Asker: 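Below: one structure in structure tokens.
Just so it is clear, the structure is predicted and the values come from calculations on it, not from any experiment. All chains are named by letter (A, B, ...) in the order of the sequence lines, taking the proteins before the strands, and each is independently numbered beginning at 1.
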Protein chains: 2
Amino acid sequence: MEYTISKLAKLANVSARTLRYYDEINLLKPARINSSGYRIYGQIEVDRLQQILFFRELDVELDTIISIMNNPEFDKTKALQTHLSKLEEKKSRLEKLISTVENTIAHEKGEILMSNEQKFEAFKDKLISENEEKYGEEIREKYGEKTVEESNKIFKNMSQEKYDVMVKLGEEVLELLTKALETGDPTSTIAQEVALKHKQWLTFTWPSYSKEAHRGLADMYVADERFKAYYEKCGDGATEFLKEAIYTFTE
Amino acid sequence: MEYTISKLAKLANVSARTLRYYDEINLLKPARINSSGYRIYGQIEVDRLQQILFFRELDVELDTIISIMNNPEFDKTKALQTHLSKLEEKKSRLEKLISTVENTIAHEKGEILMSNEQKFEAFKDKLISENEEKYGEEIREKYGEKTVEESNKIFKNMSQEKYDVMVKLGEEVLELLTKALETGDPTSTIAQEVALKHKQWLTFTWPSYSKEAHRGLADMYVADERFKAYYEKCGDGATEFLKEAIYTFTE
DNA sequence: ATATAGGTTAACGTAACGTGAAGGTCAATA
DNA sequence: TATTGACCTTCACGTTACGTTAACCTATAT
């Protein structure tokens, strides 16, 4: 699925200006720019945007989000786990606030006493603004200021290149598959390399990767004549060979 | 209890700069400025600040908060009720977000399917930013742009004046009490006026008003010689008379 | 053929403070 | 008595994450 800027904006409930801004600061580059100069976003960008919004929800500064997500060691699943616990914290802070309001109402009615300190207790939790610092520090500690800067540079002007990489990956899969086929062994190193590249190629367009889905696709390649024809260019039995390689790869 | 800027800042967990800014935009004026030019805040300001922070928690713009709170029809108790329901809404939005993250994790593991729409569902709730508009509109509808402007003007440069008003109120209580005492009737209109002014005077320094506390204070006036001497200036039996007036007032 | 609904860059505007600079005030201590 | 350090003051410029035109190009439906 491909999205123009307003389609994605509508999907994620952000403004088009926000997406242009995220492009400008290299937080979220479109997958490619079409012939009319329009920004085109793909599945990878949809998921990245969701991640960004999770961070934003926790009041993490955009600069910090860039550092986190462009970091080569960024672990999506781990990040999601962290989101979860932070959101739980935020929820319990909200609950505190709610009971403060309830107490204030009772206080107004003269039902209970309330000290000035109690009136502001729920506002005290600094955890949200601390998040920013924490995330930023963690990275700076691990990699140092310079590495972060460099890591950011790598991701600049990636939009068109990203698309090119994807196309190139697709070609490489075919190339490598031809060579691997000569070995005749789907468990060989080169065959496994094909499976890996095939996975990398998939993640450009797949909402998320799973071994089961990868195997499912391999099965479909064998079953569907159109796909079969595509891979059979590499040699007789290439499709079945690829399927076997993928099955080994996903063991 | 009187607070300097940093004492109040610490109490409410905001920065001193924030309080200076709130002074500047006439959102929260100090009760008075002391001889060295220091801002001094009293109980009224403490409570007003708490209200402000409740609104801020709901992402209401400061400009809008000014309009709401300077509005002559502003009802503190009603506002608290509204806070409560808005906070509940915010909480349920957070809960939605939490389950979205949980689903995304399951999706990552390949356990469930998730459409792109579902990925952003929890972000969709606009209610928070809508609050701003809603609050602002309500007021503008009721009073019109001009009235709001004028209402704001009234509250400009109120800090020193506010203190003066309080002092004047205290004097008026004594003055009126002297006159009321001549009637000999604590239930008379003028005696009830004294009780009302006494209440108004109290609310400048009391965390919150309750009839019980008002009566309790009246009792203390009678029991404590120092207070008794203060009111007895108005005439013999003035303290007991004030107590009776307050008792009638708080029935 | 033209209206209308999209897209683009460029550039200035904004909200709610943060962050010094330069200096006055207050309480305690050498 | 002088000084130190922790307060306070008023400018005044900086910052973040966009909103908001303006001026112009592109796509599509009638």
Asker: With a 4.0 Å cutoff (strictly under), does any side-chain N or O of Ser15(B) reach OP1 or OP2 of dG18(C)?
Answerer: yes
Asker: Would you call the rings of Phe54(A) and His83(A) parallel, tilted or perpendicular if under 30° counts as parallel and over 60° as perpendicular?
Answerer: tilted
Asker: Without decimals, in angstroms, what is the distance between Tyr21(A) OH and dG13(C) C1'?
Answerer: 14 Å
Asker: Kindly say if Ser36(A) contacts the phosphate of dA27(D), meaning a side-chain N or O under 4.0 Å from OP1 or OP2.
Answerer: yes
Asker: Take the protein atom CD of Glu24(B) and the nucleotide atom P of dA16(C), then report the distance between them rounded to whole Å.
Answerer: 12 Å
Asker: Using OP1 and OP2 only, check whether a side-chain N or O of Arg17(A) sits under 4.0 Å from dA11(C).
Answerer: no
Asker: Heavy atoms only, 4.0 Å cut-off, all strands: where does Ile25(A) land among base, sugar-phosphate and nothing?
Answerer: nothing
Asker: Nearest whole angstrom, please: distance from the P of dC18(D) to the CG of Leu19(A).
Answerer: 10 Å
Asker: So which of Lys96(B), Lys90(B), Arg93(B) actually passes salt bridge (charged side-chain N to carboxylate O under 4.0 Å, His left out) with Glu57(A)?
Answerer: Arg93(B)
Asker: 5'-most contact on DNA chain D: Ala16(A) or Ile5(B), nearest heavy atom basis?
Answerer: Ile5(B)
Asker: Considering only heavy atoms and no angle criterion, is a donor-acceptor pair shorter than 3.5 Å present between the side chain of Tyr38(B) and the base of dG24(C)?
Answerer: yes
Asker: Using side-chain heavy atoms (C-beta onward) and a distance below 4.5 Å, is Phe55(A) in contact with Met69(A)?
Answerer: yes
Asker: Ignoring hydrogens and angles, does a donor from either the side chain of Arg20(B) or the base of dT10(D) sit under 3.5 Å from an acceptor on the other?
Answerer: no
Asker: OP1 or OP2 of dG7(C) versus the side-chain N and O atoms of Thr4(A): is any pair under 4.0 Å?
Answerer: yes
Asker: Just N and O in the side chain of Arg39(A): are any of them under 4.0 Å from OP1 or OP2 of dT8(C)?
Answerer: yes
Asker: Nearest whole angstrom, please: distance from the C1' of dA16(C) to the CG of Leu49(B).
Answerer: 15 Å
Asker: Looking at Arg20(B) and Ser15(B), would you say the former's side chain and the latter's main chain have a donor-acceptor pair under 3.5 Å?
Answerer: no
Asker: Is the phosphate of dG7(C) approached by Ser6(A) (side-chain N or O, under 4.0 Å from OP1 or OP2)?
Answerer: yes
